[in-house]
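These numbers come from the heavy atoms of this one structure, side chains and all, not from hydrogens, waters or symmetry mates. When a residue number appears, it is its place in the shown sequence, counting from 1. Computed from a predicted structure; not experimentally measured.
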Amino acid sequence: MKNKRVLLVSADSFACGFFRIKQPYENLKCDDIEFEILNIKESNTLPLQLLFGYNAIVFQRPILSSIPSLIDALKKQGVKIVIETDDLLTNISPTSSCYNAYRSGGSNLKNFLYCIKNANYVHTSTPELAVEMRRYNKNVASFNNALKIDDEIYKEKLPRLSDKPVVMWAGSSTHFDSLLVIKSAVEEAIKKTDAIFAFCSNKSFFDMFDLPDGKKIFVEPVSLEEYPKIPSYADIFLTPVIETPFNNSKSELKILESGIYGIPSISSPVAPYIRFNKVSDGANILVKKNKTKNWTKEIINLIENEELRKELGKRTKDTIEQIYDLDVINGKRLEWWRNFLA
């Protein structure tokens, strides 16, 4: 019997494209389905007819004006369409740097929603996001973000930055509003203890932390391929976000990035981090509310308690290996594809 063919059109080559398309599907091996990945920039230059010959096509976060008509043409030829999304683009906070790109009534959001509504199925990264997407399409499946835990990159940590406890935050420049949640707490906690603060992101964001020389370290941003090593610098990893519908629909990925090295996290009380807290029996510390005094208390407590850091870090890593292993998630993903294409 002829193999089924699935084309995956990746919207970007950054973290979203990596964790939702590149990593899972490059490692999804089976005898009866062929998965091929195409970058969106390439697909815009291809004649439409070259996209035929596939049983299904996955579009990751489609916003370009050409995609809706492309989807209509493909469906008329019997091609099944799946939309992959890992963000609640319909409800981005005005404080986010991405707000203008997905503002209500804008062309990007209109294109995205057309694709969601007219797809055969939608894939999301969290159950909360799945609930939101079912407002537009009842056919939604959710697959957790995961790590390829046997990857060589996770075998060893980077050399220590200091002989003192290292509290760290790392992320893209789109997360400026999240930094404001912890700025004052980090300054107070670092000044009151012997710990240092390590930071990997935009240099101007690093400069806004009022800490003396020797108490903060700037880690130069690296490529996506090198980034998985960066959280291993930490003894404590901070995962703050403001409490919004958008962030409630995001995944646990930030905890996974540091937790695979046995490093504990302190987290904002939003759905993905609450969910990880439940499945890990409290391995990540949840602040009760996003208030400076709560963050300061938890940061200082973990700085001063090395044994607790080790205990929480081990529990975090164990949970990741049991629940967030890419092989486990890909097993569920492959079962879904076989049913969908049957």
Side-chain angles (χ1 to χ4, degrees), residues 3-30 33-46 50-51 53-64 66-68 70-71 74 79-89 98 101-102 108 111-112 115-116 119-126 129-130 133 137 139-149 151 153 172 174 223-228 249-254 256-257 272 324-338 340-341:
N3 283 2
K4 304 288 187 178
R5 297 181 68 205
V6 176
L7 179 67
L8 301 113
V9 183
S10 179
D12 60 58
S13 56
F14 301 106
C16 295
F18 179 80
F19 284 106
R20 300 307 299 173
I21 300 293
K22 181 177 172 59
Q23 180 179 254
Y25 286 98
E26 285 186 349
N27 290 281
L28 189 58
K29 309 299 182 184
C30 63
I33 307 174
E34 298 174 13
F35 295 99
E36 302 172 39
I37 299 174
L38 179 69
N39 187 278
I40 189 70
K41 293 179 182 178
E42 299 172 36
S43 70
N44 279 343
T45 66
L46 287 174
L50 293 187
L51 293 179
Y54 294 94
N55 300 94
I57 298 182
V58 179
F59 290 93
Q60 182 211 2
R61 197 187 291 189
I63 60 172
L64 297 180
S66 60
I67 303 298
L70 180 60
I71 285 176
L74 290 167
V79 180
K80 293 185 176 181
I81 301 298
V82 176
I83 303 300
E84 166 68 52
T85 182
D86 63 342
D87 279 327
L88 183 59
L89 301 183
C98 298
Y102 300 103
N108 284 351
N111 294 333
F112 174 74
C115 296
I116 291 288
N120 297 96
Y121 238 95
V122 177
H123 285 182
T124 71
S125 52
T126 68
L129 185 54
M133 290 301 99
N137 190 322
N139 297 319
V140 181
S142 181
F143 301 99
N144 286 343
N145 279 331
L147 300 182
K148 192 174 186 299
I149 63 173
D151 195 304
I153 201 166
S172 75
T174 61
S223 68
L224 180 63
E225 290 73 23
E226 297 174 288
Y227 175 78
S249 296
K250 291 188 73 64
S251 79
E252 308 92 319
L253 186 57
K254 279 295 176 190
L256 308 188
E257 290 174 345
Y324 297 93
D325 179 359
L326 182 62
D327 288 342
V328 174
I329 304 302
N330 265 357
K332 298 175 182 178
R333 189 178 265 117
L334 181 55
E335 180 182 7
W336 183 90
W337 273 109
R338 282 177 170 149
F340 181 64
L341 295 173

Is any side-chain heavy atom of [X] less than 4.5 Å from a side-chain heavy atom of [Y]?
| X | Y | value |
| --- | --- | --- |
| V9 | V58 | no |
| D325 | I329 | no |
| L341 | V6 | yes |
| I33 | L334 | yes |
| F112 | P62 | yes |
| E26 | I37 | yes |
| C16 | Q60 | yes |
| C30 | R338 | yes |

Practice problem: Just jot down the ring pair (Phe, Tyr, Trp, His ring centres under 6.0 Å) partners of Y227, sequence neighbours excluded, or say none. | Solution: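 Y227 satisfies ring pair (Phe, Tyr, Trp, His ring centres under 6.0 Å) with no other residue.
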Quiz item: Donor-acceptor pair, N139 side chain versus Y121 backbone, under 3.5 Å?
Solution: no
Exercise. Please confirm whether the backbone N or O of N145 pairs with a side-chain atom of S125, one donor and one acceptor, at under 3.5 Å?
Key: no
Practice problem: Could you pull out the closest heavy-atom pair between F340 and A56, with the gap in Å? | Solution: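 Scanning both residues completely, I find the closest heavy atoms to be CE2-CB, 4.3 Å.
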Practice problem: List the atom of L38, the atom of L7, and the distance in Å for their closest heavy-atom pair. | Solution: CB-CD1, 3.9 Å
Self-check item: E335 bridged to K332 by N-O distance under 4.0 Å
Solution: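 No, E335 and K332 are not salt-bridged.
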Quiz item: Under a 4.0 Å N-O cut-off, is there an ion pair linking K4 with E34?
Solution: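 No, this pair does not count.
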Quiz item: Who passes side chain to side chain donor-acceptor pair (under 3.5 Å) against Y25, sequence neighbours left out?
Solution: W337
Would you be so kind as to tabulate the donor-acceptor pairs closer than 3.5 Å made by side chains of residues 82-89, with sequence neighbours excluded?
{"unit_1": "E84", "atom_1": "OE2", "unit_2": "R20", "atom_2": "NE", "d": "2.7"}
{"unit_1": "E84", "atom_1": "OE2", "unit_2": "R20", "atom_2": "NH2", "d": "3.1"}
{"unit_1": "T85", "atom_1": "OG1", "unit_2": "D87", "atom_2": "O", "d": "3.1"}
{"unit_1": "D86", "atom_1": "OD1", "unit_2": "R61", "atom_2": "NH2", "d": "2.9"}
{"unit_1": "D87", "atom_1": "OD1", "unit_2": "K250", "atom_2": "NZ", "d": "2.9"}
{"unit_1": "D87", "atom_1": "OD2", "unit_2": "R61", "atom_2": "NH2", "d": "2.8"}

